[in-house]
Amino acid sequence: MLPAISSQKPDELTGWLAQSGEPAYRADQILRWVHKGSISGWSQMRNIPDSLKKKLSSHFSFSSVKLVHKQGGIDTTIKFLWKLSDGQYVESVLIPASPSLYGETSDRHTLCISTQVGCAYGCKFCASGLEGFKRNLNPGEVIDQVLGVEALFKKRISSDRRLITNLVIMGMGEPLANYDNLLDALNVLNSNWSANIGARKITISTSGLVPQIIKLSDQPKQYRLAISLHGATDEVRNKIMPINRKYSLSKLSDAVEIYQSRKNGSITLEYILIEGINDGIDQVPHLAILSERLRAKVNIIPYNSVEGLGYKRPSITIQERFVRALIDKGVRATLRREKGHDIDAACGQLRLKAEKKLDSGEN
Ligand code: SAH
Ligand code: SF4
């Protein structure tokens, strides 16, 4: 497998050009095409001589992800299924900004990206972990999900404006279990020679890998952190998230507190509501204490049922009662409505369905 051109840093590419007998100024031109050109192949690099394009294509792959399925329209969420060079599938989801309270829409588009094929953490309610862990994505495979979507919507964007303004690392896999590749990819996407997406516009979601949360608080970038909490007591969390047996709520909240104190205010607690499991009003006081301590907002997400798993989303009345009780305790809590529901349904589920369909020769 050839390395992806998108994962080459300026100094690495300059070094390769020197070795190949090419002038250093080509690095700038190539990086501009790859990261800012929204192009889909070597042939579109108009100011690069054919001889160099030939060398490039025998040393690097232009993209490490290939689109095999796209679902949805530009005004709703769009789900992308990508095939990797070893035949595995991952998915990304593009989420347009909601209309604001005053009715106007903004240009904000968030892309939800995957970091692993499958997941080893086995949360009981989640489709991503259903078939276990397959492998980590390399930095190019993470970056190419972003560049691949930009290239697909090239006609809708002008050269100085990008489609994707925000990233959420909430697709398939546990991002902090692929720490080095993830950080490598995000540092590229954050650079001004690449997508230039601000660190504060990038949210990393984790099920609670305590040592990696601490490590993330030691690196310089101000990435936002979302914690998949889904239970405000160890008793409830243990039932659905095996990781809680290793890193209990008290260890997790200590680590998140460190992150919060070093990065100053960028924590979200994600809480999916699952009927009869974690939707009891007795969870509310515990959740309120945690959110106050961590100065975190709380995102309540109605659960999306997954084929083959027995969990259900509670009624709207139960959902609203839960959120109301949190707000009454002074918590900054929001209930994610239908659009969120579509998005979450995509993560992990689209791939499982597609794998079955594509492997049986349909599509
Ligand atoms: N592994 C990371 C990131 C990927 S999961 C994590 O767990 O945070 C992204 C989010 O989707 C997590 O909060 C996860 O708990 C949630 N999720 C998983 N399955 C879901 C489902 N069926 N319905 C709603 N949310 C789900
Ligand atoms: Fe993995 Fe996150 Fe799904 Fe848990 S919720 S199985 S950590 S992807």
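Note that ligands are numbered from 1 as they come in the structure, with each ligand's atoms numbered from 1 the same way.
Interface atoms of ligand 1 facing G173, defined by a heavy-atom separation under 4.0 Å, are 1 (N), 2 (C), 3 (C), 4 (C). Residue-ligand proximity, I272 to ligand 1, at heavy-atom distances under 4.0 Å covers atoms 24 (C), 25 (N). Numbered from 1 in the order shown, with element, the atoms of ligand 1 that lie under 4.0 Å from a heavy atom of T206 read 6 (C), 8 (O). When each atom of ligand 1 is checked for a heavy atom of V306 under 4.0 Å away, the hits are 22 (N). Of all the atoms in ligand 1, the ones that sit under 4.0 Å from a non-hydrogen atom of F125 are 15 (O), 18 (C), 19 (N), 22 (N).
Ion pairing between R135 and E141 holds under the 4.0 Å rule for side-chain N and carboxylate O. Ion pairing of K9 with D184 is present here, as a side-chain N (NZ or NE/NH1/NH2) and a carboxylate O approach within less than 4.0 Å.
Distances from atom 4 (C) of ligand 1 to the heavy atoms of G171, A226, S305, S205 show the closest one on G171. Of the candidates H230, M170, M241, it is H230 that places a heavy atom closest to atom 16 (C) of ligand 1.
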Distance-only donor-acceptor pairs under 3.5 Å for side chains of residues 284-294, two or more places apart:
from : atom 1 : to   : atom 2 : distance (Å)
S291 : OG     : A288 : O      : 3.3
R293 : NE     : E257 : OE1    : 3.2
R293 : NH1    : S253 : OG     : 3.2
R293 : NH2    : D254 : OD1    : 2.8
R293 : NH2    : E257 : OE1    : 2.8

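Cluster membership for L326 and V236, using ILVMFWY side-chain heavy atoms within less than 4.5 angstrom, is not shared.
Relative to the ring axis of Y179, K215 places its NZ or CZ within 45° and under 6.0 Å from the centre.
Distances from atom 3 (Fe) of ligand 2 under 2.8 Å pick out these protein N/O/S atoms: C126 SG.
With a heavy-atom cut-off of 4.0 Å, N304 touches ligand 1 through backbone and side chain alike. Residue-level proximity to ligand 1 for I227 is absent, since no heavy atom of it falls below 4.0 angstrom.
For K312, the NZ atom sits in a loose shell: 12 or fewer heavy atoms of surrounding residues, nucleotides or ligands are nearer than 6.0 Å.
The side-chain heavy atoms of Q319 and F322, taken from C-beta on, include no pair separated by under 4.5 Å.
With hydrogens and angles left out, the side-chain atoms of T334 and N299 include a donor and acceptor closer than 3.5 Å.
To the nearest 0.5 angstrom, E174 atom CD is 8.5 Å from C123 atom SG.
No option in Q260, R262, K263 other than R262 meets the side chain to side chain donor-acceptor pair (under 3.5 Å) test with S217.
Note: F125 and H230 meet the aromatic proximity criterion, with ring centroids under 6.0 Å apart.
Residue-ligand proximity: P175 is placed with a non-hydrogen atom under 4.0 Å from ligand 1.
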